Amino acid sequence: MKYPKTKETLNQLVADLIQMHMVVNQHHWYMRGSRFLKLHPYLDDVMAELANQLDHVAERLVTLDGSPVSTLSEIAEKTKIKDEKGNWDESIDERYAKIVDGYHYLDKLYEKGIEVSAEEGDDSTNDMLIEFHTEVEKRIWMMSAEIGSAPEIDQ
């Protein structure tokens, strides 16, 4: 079997990108506050970017003869991104901080995927993961800046 570590990391990304999309969507729905009109549509863009990454990652996994997780139970079992019931009691900054935490996790997972795909000689996957890693780092920077924090991607 070719690229076993790469396939496993891609499947982890599938589960985590779906979960991250749900987390962002939840905060998008439950957001209230003075910056709502600006930040609510911004999260639409964030979700579109996550959906694009998910589609490309899952399709790459299929191209490599892998089988992406595709049920809620598989995703819930596999994801490492925390979920919690929606509530109205969090500020926009608290919501963005939680989203940034999820992005930090994705940042590290993309780094792992870049490493293992390079080790296994899968240059096409490596190239895709580098592109998405760059997008994730930019989201971390932008969302961190919105809440007055540094991106802290070198931690």
Side-chain angles (χ1 to χ4, degrees), residues 6 8-63 66-115 117 124-155:
T6 298
E8 177 56 34
T9 304
L10 290 175
N11 224 354
Q12 186 65 55
L13 275 163
V14 169
D16 291 327
L17 286 166
I18 291 170
Q19 178 66 11
M20 187 66 182
H21 190 282
M22 287 299 303
V23 167
V24 173
N25 204 30
Q26 179 190 67
H27 291 299
H28 174 259
W29 290 333
Y30 280 84
M31 183 184 299
R32 289 181 175 164
S34 62
R35 299 179 337 232
F36 174 84
L37 289 177
K38 175 180 121 187
L39 299 179
H40 185 80
Y42 175 79
L43 291 182
D44 285 326
D45 294 339
V46 171
M47 288 185 290
E49 183 176 83
L50 289 167
N52 179 62
Q53 290 178 12
L54 169 62
D55 192 50
H56 281 83
V57 167
E59 288 174 354
R60 182 66 187 157
L61 180 56
V62 171
T63 300
S67 301
V69 294
S70 59
T71 67
L72 291 175
S73 60
E74 289 175 305
I75 293 156
E77 183 180 310
K78 193 164 189 66
T79 188
K80 302 220 175 20
I81 295 177
K82 181 182 168 192
D83 73 350
E84 56 189 47
K85 189 174 179 178
N87 69 76
W88 298 105
D89 300 328
E90 294 176 325
S91 70
I92 288 175
D93 285 0
E94 290 169 324
R95 292 184 186 287
Y96 263 52
K98 287 182 178 182
I99 294 169
V100 169
D101 285 345
Y103 266 100
H104 276 288
Y105 166 76
L106 289 176
D107 180 58
K108 298 303 178 209
L109 186 55
Y110 273 120
E111 287 175 359
K112 177 183 176 187
I114 291 164
E115 180 181 312
S117 61
S124 295
T125 298
N126 190 264
D127 183 57
M128 177 190 72
L129 296 176
I130 290 169
E131 177 186 347
F132 293 156
H133 180 253
T134 302
E135 289 177 4
V136 164
E137 287 183 332
K138 186 173 182 179
R139 286 289 177 197
I140 291 170
W141 161 57
M142 294 179 86
M143 295 184 88
S144 296
E146 176 63 34
I147 59 175
S149 299
E152 299 178 351
I153 60 169
D154 65 346
Q155 308 283 323

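Source: prediction; values computed, not measured.
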Can you measure from [atom1] ([X]) to [atom2] ([Y]) and round to the nearest 0.5 angstrom?
X: N25; Y: L43; atom1: CG; atom2: CG; result: 9.0 Å
X: L72; Y: Q19; atom1: CG; atom2: CD; result: 10.0 Å
X: Q26; Y: M31; atom1: CD; atom2: CE; result: 11.0 Å
X: T9; Y: L129; atom1: OG1; atom2: CG; result: 8.5 Å
X: L109; Y: L13; atom1: CG; atom2: CG; result: 4.0 Å
X: I99; Y: I140; atom1: CD1; atom2: CD1; result: 12.5 Å

Parallel, tilted or perpendicular for W88 and Y30, by the 30°/60° rule? tilted
Suppose we screen for side chain to side chain donor-acceptor pair (under 3.5 Å). Which residues come up paired with [X], at least two apart in sequence or across chains?
X: D127; value: none
X: H104; value: none
X: Q12; value: D16, K80
X: N126; value: S117

Please examine the side chains of [Y] and [X], heavy atoms only from C-beta on, and report whether any two atoms are closer than 4.5 Å.
X: V62; Y: P68; value: yes
X: V24; Y: M20; value: yes
X: I153; Y: W141; value: no
X: V136; Y: Q53; value: yes

So, for [X] and [Y], which heavy atoms are closest and what is the spacing to 0.1 Å?
X: N87; Y: D89; value: OD1-N, 2.8 Å
X: S144; Y: V100; value: OG-CG1, 3.7 Å
X: L106; Y: L50; value: CD1-CD2, 4.1 Å

In chain order, what residues pass the salt bridge (Lys or Arg N to Asp or Glu O under 4.0 Å) check against [X], with sequence neighbours excluded?
X: K85; value: none
X: D93; value: R35
X: E111; value: K108
X: E77; value: none

Apply side chain to side chain contact (heavy atoms under 4.5 Å, CB included) to [X] and list each qualifying residue two or more places apart in sequence or on a separate chain.
X: D55; value: E59
X: S73; value: T71
X: Y42; value: V46, Y96, R139, M142, M143
X: M128; value: L10, H56, V57, R60, T125, F132

Give a yes or no answer on whether the side chain of D107 reaches the backbone of H133 with a donor-acceptor pair at less than 3.5 Å.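 Side chain of D107 to backbone of H133, a donor-acceptor pair under 3.5 Å: no, none is there.
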Output yes when a side-chain donor or acceptor of S149 lies under 3.5 Å from a complementary backbone atom of A145, and no otherwise.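 Not confirmed, S149 side chain does not pair with A145 backbone.
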K78 bridged to E8 by N-O distance under 4.0 Å: yes
Please test T79 against I18 for side chain to side chain contact (heavy atoms under 4.5 Å, CB included), starting from the C-alpha separation and ending with a verdict. CA-CA 9 Å; T79 188; I18 291 170; over 6 Å; no
Before you tell me yes or no, could you show the steps for H28 and R95 under side chain to side chain contact (heavy atoms under 4.5 Å, CB included), namely the whole-Å CA-CA distance, both residues' side-chain angles and the distance that decides it to 0.1 Å? CA-CA 9 Å; H28 174 259; R95 292 184 186 287; over 6 Å; no
Is it the case that atom CE in M47 sees more than 12 heavy atoms from other parts of the structure closer than 6.0 Å?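 For M47, atom CE is crowded (more than 12 foreign heavy atoms under 6.0 Å).
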I'd like to know whether E115 forms a side-chain hydrogen bond (donor to acceptor under 3.5 Å, both in side chains) with Y110, so could you lay out the CA-CA distance, the side-chain angles of the two residues, the decisive distance to 0.1 Å, and finally the verdict. CA-CA 9 Å; E115 180 181 312; Y110 273 120; over 6 Å; no
Using salt bridge (charged side-chain N to carboxylate O under 4.0 Å, His left out), reason through K138 and E49 one step at a time and then give a plain yes or no. CA-CA 12 Å; K138 186 173 182 179; E49 183 176 83; over 6 Å; no
